[in-house]
Trainee: 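Shown below is the structure under consideration.
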Amino acid sequence: MEKAIPKVTLNDGTTLPVIGLGTYGLWGNAGANAVSSGINAGYRLIDTAYNYENEGAVGEGIRRSGISREELWVTSKLPGRYHTYEKALVAIQESLYRSQLDYFDLYLIHWPMPNQDTYVEAWQALIDAQKWGLVRSIGVSNFLPEHLERIIHETGVTPSLNQVELHPFFNQAHQRKVHVDHGIQTQSWSPIAKAKDILINDAIKTIAEAHNKTIAQVVLRWQYQIGSVSIPRSTSPERQRENLSIFDFELSESEMIAISELSRSDGRLFDMDPATHEEF
């Protein structure tokens, strides 16, 4: 029998499973089936975004799963083109209509886009959306420490979570320390990095063999042990179940260090630096 998925408590008192299902690229009927399959495999945290253009498929997958909405945590994200206060509120409503959900459990600003300089306004919109019951918990994605400091200083409200690129080749040690200092939960996108690079890594391969686990399971266990919530994406029911099976073993301190030492300063997968990247 699979072990229950542990949960973390966010700084606003809400809880979140420590692993969820990423849905980027899951569209239409096949996407809805993949989401339903994931939920039936045991996932209770589902991550989507306005810019993924699949909130409808995610909502349909939730309905097909037959699992009660109250048992799920659903995340979506605000695109850069809707950072102004009024547009942000409308975008959240539109996302709910698309997914046919009454609320989101977690809603994030997708990118800070500092060149636009409207992310503080967008954050204020999320604060109000939470007050009005459209979302249960609010956070950000891809915010650098300076972006976090600014929204906290200017609004007095600290994000519950920051979803950032985080994997063995880019372990975000400094960013994670900033999160801990502020009581912000770290969440990892692309938690397994690129499969072709991970699968040939000798250090991780050796650790996986020692535990009779897959390389993906070892990386996801490493994510769990560094305190990050990960959202691996998979359409395969077998792989979905496999990625959840990380709570029946533990990595040693030396194994954790060996994986963490793979990190590089230029380790970003897509050269998407939040200081300059723009995603409208």
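Atom set for the values below is all heavy atoms of this structure, side chains included, hydrogens, waters and symmetry mates excluded.
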Trainee: Kindly compute the distance separating CZ (R221) from CD1 (I259), expressed to the nearest 0.5 Å.
Mentor: 11.0 Å

Trainee: So, taking the atom named CG in N40 and the one named CD in Q240, what distance separates them when rounded to the nearest 0.5 Å?
Mentor: 9.5 Å

Trainee: Tell me whether D181 is salt-bridged to R176, with the criterion being a basic N under 4.0 Å from an acidic carboxylate O.
Mentor: no

Trainee: Could you check, using the six-membered ring where one of them is a Trp, whether F280 and H110 have ring centers closer than 6.0 angstrom?
Mentor: no

Trainee: Under 4.5 Å between side-chain heavy atoms, counting indirect links through other Ile/Leu/Val/Met/Phe/Trp/Tyr residues: same cluster for L106 and I5 or not?
Mentor: yes

Trainee: Around E53, counting heavy atoms of other residues, nucleotides and ligands shown, do more than 12 lie under 6.0 Å from its CD?
Mentor: no

Trainee: When you compare the side chain of F170 with that of L269, does any pair of heavy atoms fall below 4.5 Å?
Mentor: no

Trainee: For E279 and G80, indicate whether the former's side chain and the latter's backbone hold a donor-acceptor pair under 3.5 Å.
Mentor: no

Trainee: Are any of the side-chain nitrogens in E146 or R150 under 4.0 Å away from the carboxylate oxygens of its partner?
Mentor: no

Trainee: Under the side-chain hydrogen bond (donor to acceptor under 3.5 Å, both in side chains) definition, can you give me all pairs with a residue in residues 6-22, not counting sequence neighbours?
Mentor: D12-T14, D12-S137

Trainee: Do L144 and D273 have side chains that get closer than 4.5 Å, going by heavy atoms?
Mentor: yes

Trainee: Given side chains that start at C-beta, do those of L21 and I39 come closer than 4.5 Å, heavy atoms only?
Mentor: no

Trainee: Closer than 3.5 angstrom, by distance alone: can the side chain of W27 be matched with the main-chain N or O of Y52 as a donor-acceptor pair?
Mentor: yes

Trainee: Is L262 linked to I215 within one hydrophobic cluster, defined over Ile, Leu, Val, Met, Phe, Trp and Tyr using a side-chain heavy-atom separation of less than 4.5 Å?
Mentor: yes

Trainee: I'd like to know if I19 and I198 are part of one continuous hydrophobic network [Ile/Leu/Val/Met/Phe/Trp/Tyr, side-chain heavy atoms within less than 4.5 Å].
Mentor: yes

Trainee: How long is the span from the CD atom in E261 to the CG atom in N171, to the nearest 0.5 Å?
Mentor: 10.0 Å

Trainee: Just checking R239: does its CZ atom have more than 12 heavy atoms from other residues, nucleotides or ligands closer to it than 6.0 angstrom?
Mentor: no

Trainee: Between E255 and S252 (side chain of the first, backbone of the second, donor and acceptor by atom type, cut-off under 3.5 Å), is there such a pair?
Mentor: yes

Trainee: With a 4.5 Å limit on heavy-atom distance, are the side chains of I192 and H167 in contact?
Mentor: no

Trainee: Kindly say whether Q223 contributes a backbone atom to a donor-acceptor pair with the side chain of S228 at under 3.5 angstrom?
Mentor: no

Trainee: Kindly say whether R136 contributes a backbone atom to a donor-acceptor pair with the side chain of Q130 at under 3.5 angstrom?
Mentor: yes

Trainee: Would you check if the side chain of N162 reaches a backbone N or O of N142 as a donor-acceptor pair within less than 3.5 Å?
Mentor: yes

Trainee: Does a side-chain heavy-atom distance below 4.5 Å link V74 with S99?
Mentor: no

Trainee: Can you check whether A57's main-chain N or O pairs, donor with acceptor, with N54's side chain at less than 3.5 Å?
Mentor: no

Trainee: Are L108 and L78 side-chain neighbours, meaning at least one heavy-atom pair lies under 4.5 Å?
Mentor: no

Trainee: Can you confirm whether more than 12 heavy atoms, excluding those of F249, are under 6.0 Å from its CZ atom?
Mentor: yes

Trainee: Using 0.5 Å steps for rounding, measure from the OG1 atom of T235 to the CG atom of N33.
Mentor: 10.5 Å

Trainee: Looking only at atom types and distance, does a side-chain atom of Q225 sit under 3.5 Å from a main-chain N or O of M256, one as donor and one as acceptor?
Mentor: no

Trainee: Is there side-chain contact between S190 and F270, with at least one heavy-atom pair below 4.5 Å?
Mentor: yes

Trainee: Is the side chain of S65 donor-acceptor paired with the backbone N or O of I62 at a distance under 3.5 Å, no angle test?
Mentor: yes

Trainee: Would you say that more than 12 heavy atoms from the other residues, nucleotides or ligands in this model lie under 6.0 Å from the NZ of K177, or not?
Mentor: no

Trainee: Decide yes or no on salt bridge (charged side-chain N to carboxylate O under 4.0 Å, His left out) for E209 and K205, but give the supporting numbers first.
Mentor: CA-CA 6 Å; E209 289 170 354; K205 193 183 297 184; over 6 Å; no

Trainee: Short question: side chain of Q163, backbone of I109 - any donor-acceptor pair under 3.5 Å?
Mentor: no

Trainee: Answer yes or no: is there an ion pair linking R69 with D105, defined by an N-O contact shorter than 4.0 Å?
Mentor: yes

Trainee: Are L72 and L96 connected, step by step, through hydrophobic side chains (Ile, Leu, Val, Met, Phe, Trp, Tyr) whose heavy atoms are closer than 4.5 Å?
Mentor: yes

Trainee: Counting only heavy atoms not in D102 (residues, nucleotides, ligands), do more than 12 fall under 6.0 Å from its CG?
Mentor: no

Trainee: For the NE2 atom of H277 and the CE atom of M113, what is their distance to the nearest 0.5 Å?
Mentor: 8.0 Å

Trainee: Could you work out, with side chain to side chain contact (heavy atoms under 4.5 Å, CB included) as the rule, every residue matching Y85, not counting sequence neighbours?
Mentor: L89, E121, Q124, A125, D128, W132

Trainee: If I take atom CD1 from residue I204 and atom CG from residue N201, how far apart are they, to the nearest 0.5 angstrom?
Mentor: 4.5 Å

Trainee: Just wondering, more than 12 heavy atoms not from E238 lying within 6.0 Å of its CD?
Mentor: no

Trainee: Decide, yes or no, whether a salt bridge links D47 with R233 under the criterion of side-chain N to carboxylate O below 4.0 Å.
Mentor: no

Trainee: Should F104 and S95 count as side-chain neighbours, where that means a heavy-atom distance under 4.5 Å?
Mentor: yes

Trainee: Taking the six-membered ring for Trp, is the centroid-to-centroid distance between H83 and Y119 below 6.0 Å?
Mentor: no

